[in-house]
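Notes follow the structure.
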Amino acid sequence: MSKNEEAPPLDFIRQIVANDLATGKHGGKVVTRFPPEPNGFLHIGHAKSICLNFGVARENAGGQCNLRFDDTNPLKEEDLYIQSIRTDVKWLGFDWQEHMYYASDYFEPLYQFGERLIQDGHAFICELNVEQMREYRGTLTEPGRESPWRNRSSQESLGLFRRMRAGEFPEGRYTLRAKIDMASPNINMRDPVIYRILHAHHHQTGDQWCIYPTYDYAHCISDALEGITHSLCTLEFEDHRPLYDWILDRLEGVVGCHPQQIEFSRLVMEYTVVSKRKLNALVRSGVVDGWDDPRMPTISGLRRRGYTPAAIREFCRRIGISKTPNNVELSLLESCIRDDLEQHAPRAMAVLDPLKVVITTVDPDHCQALTAANHPQNPEMGSRSLYWMREIFIEREDFAENPPKQFKRLVPGGEVRLRHAYVIRCDEVIKDPASGAVLELRCSHDPNTLHANPTDRKVKGVIHWLPVQRSRQAEIRCYETLFNTPNPDEAWQGEDFMRLINPNSLQILSHCRIEEGLQNSPAGTIFQFERQGYFCLDSKHATAERPVFNRTVGLRDSWGKQQNKGD
RNA sequence: UGGGCCGUCGCCAAGCGGUAAGGCCCCGGAUUUUGAUUCCGGUAUCCCCAGGUUCGAAUCCUGGCGGCCCAGCCA
């Protein structure tokens with residue numbers, strides 16, 4: 001294997017998996033799962049977990065990754081989310097095949113195991129209410145006290161558990177608790193509740209149940225029942241692992257296997273919040289258009305913004321997997337989408353802020369088709385026609401009466417190349433006498449410069465343009481970060497988050513010009529508007545009559561950067 | 001002197017006792033009908049700090065310091 005073909009180093013989880021495979025620990029199998037709770041939309045942080053779980057399965061022969069909805073809390077969950085989660089996982093390019101499950105599929109065995117734990121003396125029915133339980137739990141530095149119901153007989157607990165299931169009691173009256181250790185320094189081990197009464201309709205099981213298992217109880221058993229080998233989750237569950245193992249140890253011989261829980265650090269990214277509560281607040285306040293607003297870090301938002309599945313997967317690959325607290329820069333995500341779109345997005349021209357130019361050397365009725373390649377490096381992407389006519393638009397910022405140093409665009413008396421067309425010279429600047437604003441430019445073109453550069457002089461700049469007649473008006477939405485601080489999560493206090501919102505996060509330009517025909521592309525089509533960036537035909541607001549494009553990301557802009565240095 | 005986890009370049013991240021990979025960002029320079037792309041080149045004598053073990057330590061030991069998570073009948 002040559003040097004640059006070397007496989008990249010495996011992250012610590014993949015190392016564990018590879019090692020387990022080598023030693024035959026799980027019978028040579030790799031089964032993972034992605035276990036979202038259907039209580040919200042998937043976001044970029046979920047993408048990291050999806051890429052890890054499905055990735056590990058895909059990379060190993062015979063590997064499998066289940067999609068499992070962790071639906072143990074009917075009060076917070078909805079079927080709507082199940083649909084959107086399925087859509088997003090598929091869109092990201094992953095396939096659970098026939099392995100889509102619900103934790104609620106296991107409610108019956110979960111209940112039976114509960115009876116068994118009671119019979120074996122490992123669980124009891126408790127009558128403490130929420131406040132009492134909090135008092136009995138102790139604190140981080142003081143041990144808790146045992147519930148007065150802890151030592152009631154198994155028979156009594158069993159009877160009560162059955163009556164709980166039968167619906168004889170109101171919510172909160174009883175709970176089923178694991179009997180572990182109230183003095184444990186790990187609070188999760190202080191006789192945690194594993195079943196509670198909830199007279200709630202469940203989106204999958206309807207009114208079949210009025211007692212529901214908690215996450216800690218349901219998750220480990222669900223994993224075991226599905227034959228999961230490696231149960232990958234984020235760091236905040238590290239303290240839960242002893243409980244995960246404790247439950248499965250009590251059920252040894254009853255459930256077939258004992259998966260290994262491994263934790264990794266969750267994704268934290270600059271300028272973004274990801275908690276359901278905060279995302280919800282943004283939606284409710286109307287700061288954003290909805291969960292799929294192109295500024296949202298949701299998968300649907302990224303999709304609408306123009307991010308591709310491949311770019312998101314590449315991002316997840318580049319950030320890696322570790323246990324280190326992290327704060328990933330936005331530039332890394334942007335680099336991923338640029339890399340993808342640079343190769344795949346067809347080029348087109350758009351003028352965001354049009355300035356009219358009359359080419360005095362072209363007849364009023366002249367219309368010449370010029371061929372423009374759709375991609376400078378990839379001829380297979382074909383070409384299209386641009387029409388050379390007397391009246392055109394150029395970008396207002398591509399002309400300067402008093403150019404800054406190094407400016408290589410159009411100036412009075414100067415020349416510039418129009419991309420895919422001719423070199424023009426600016427002969428006259430027409431201004432509004434009152435305001436002094438530039439209204440129009442009069443230019444002449446050099447007919448010998450179509451596919452050739454002049455030999456007697458050097459023309460340094462190339463700018464984009466569009467014919468007035470054969471171009472179309474469009475709305476273009478340019479986005480910046482939603483927040484004006486790189487760490488909105490920290491800065492976010494209570495309900496007061498408006499002060500964190502970047503007032504320029506959305507700029508709507510409604511008088512842009514685009515090449516004719518672009519508006520008929522399917523929603524979601526992405527173009528590179530040359531010299532500007534990547535733009536995606538909006539899937540929500542665009543019509544053929546009124547095209548709307550979202551700027552996915554701008555091109556790298558070394559000129560703009562250089563300009564800003566001077567400020 | 002509650003428990004758990006983490007600390008390698010501005011940001012991610014390899015490294016697993018043999019003398020600091022890679023990516024992003026940044027800075028030079030070449031090519032360019034996108035100030036894009038591409039292409040070269042540069043960027044940690046040092047791995048939170050202090051001791052120790054060793055011929056040799058980012059990697060082992062000891063002691064500090066800093067950060068994150070946990071007191072839901074949420075997940």
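Protein chains get the first letters and strands the later ones, always in sequence-line order, with residue 1 at the start of each.
Closest to the Glu342(A) side chain, of the nucleotides G4(B), G35(B), U37(B), is U37(B). Of the candidate nucleotides A75(B), C5(B), C24(B), C5(B) has the atom lying nearest to any side-chain atom of Glu238(A). Comparing atom distances between the Phe407(A) side chain and each of A14(B), G35(B), U37(B) picks out G35(B) as nearest. The side chain of Pro9(A) lies closest to A14(B) when the candidates are A75(B), A14(B), C12(B). Nearest nucleotide to the side chain of Asp239(A), out of A71(B), G35(B), C70(B): C70(B). Taking every side-chain heavy atom of Thr324(A) into account, C6(B) is the closest of C6(B), C73(B), C25(B).
With both pairing distances under 3.5 Å, C74(B) is matched to nothing as a Watson-Crick or G-U wobble pair. Base pairing of C26(B): its partner is G42(B), meeting the Watson-Crick or G-U wobble criterion (both donor-acceptor distances under 3.5 Å). Nucleotide G17(B) forms no Watson-Crick or G-U wobble pair with any nucleotide shown, as no partner meets the under 3.5 Å limit on both distances. Of all nucleotides present, none satisfies the Watson-Crick or G-U wobble test against U32(B) with each distance under 3.5 Å. In this structure, C68(B) and G4(B) make a Watson-Crick or G-U wobble pair, each of the two defining distances being under 3.5 angstrom.
In the region residues 190-199 of chain A, proximity to RNA chain B at under 4.0 angstrom, judged on heavy atoms, holds for Val193(A), Arg196(A).
The aromatic ring centres of Phe69(A) and Tyr102(A) sit less than 6.0 Å apart. For Phe529(A) and Phe549(A), the distance between ring centers is under 6.0 angstrom. Aromatic pair Trp465(A)/Phe393(A): ring centres not closer than 6.0 Å.
Of the two residues contacting RNA chain B, namely Gln15(A) and Asn186(A), the nearest-nucleotide position lying further toward the 5' end is that of Asn186(A). If Leu418(A) and Ile321(A) are placed on RNA chain B by their nearest nucleotide, the residue sitting closer to the 5' end is Ile321(A).
For the residue pair Arg196(A) and Thr175(A), no side-chain donor N or O sits within less than 3.5 Å of a side-chain acceptor on the partner.
Comparing the C1' positions of U43(B) and A21(B) gives a spacing of 15 Å, expressed to the nearest Å.
Under the 3.5 Å distance criterion, the side-chain polar atoms of Ser275(A) are matched with a main-chain donor or acceptor of Lys278(A).
Relative ring orientation between Tyr244(A) and His219(A) is described as tilted, the plane-to-plane angle lying within the 30° to 60° band.
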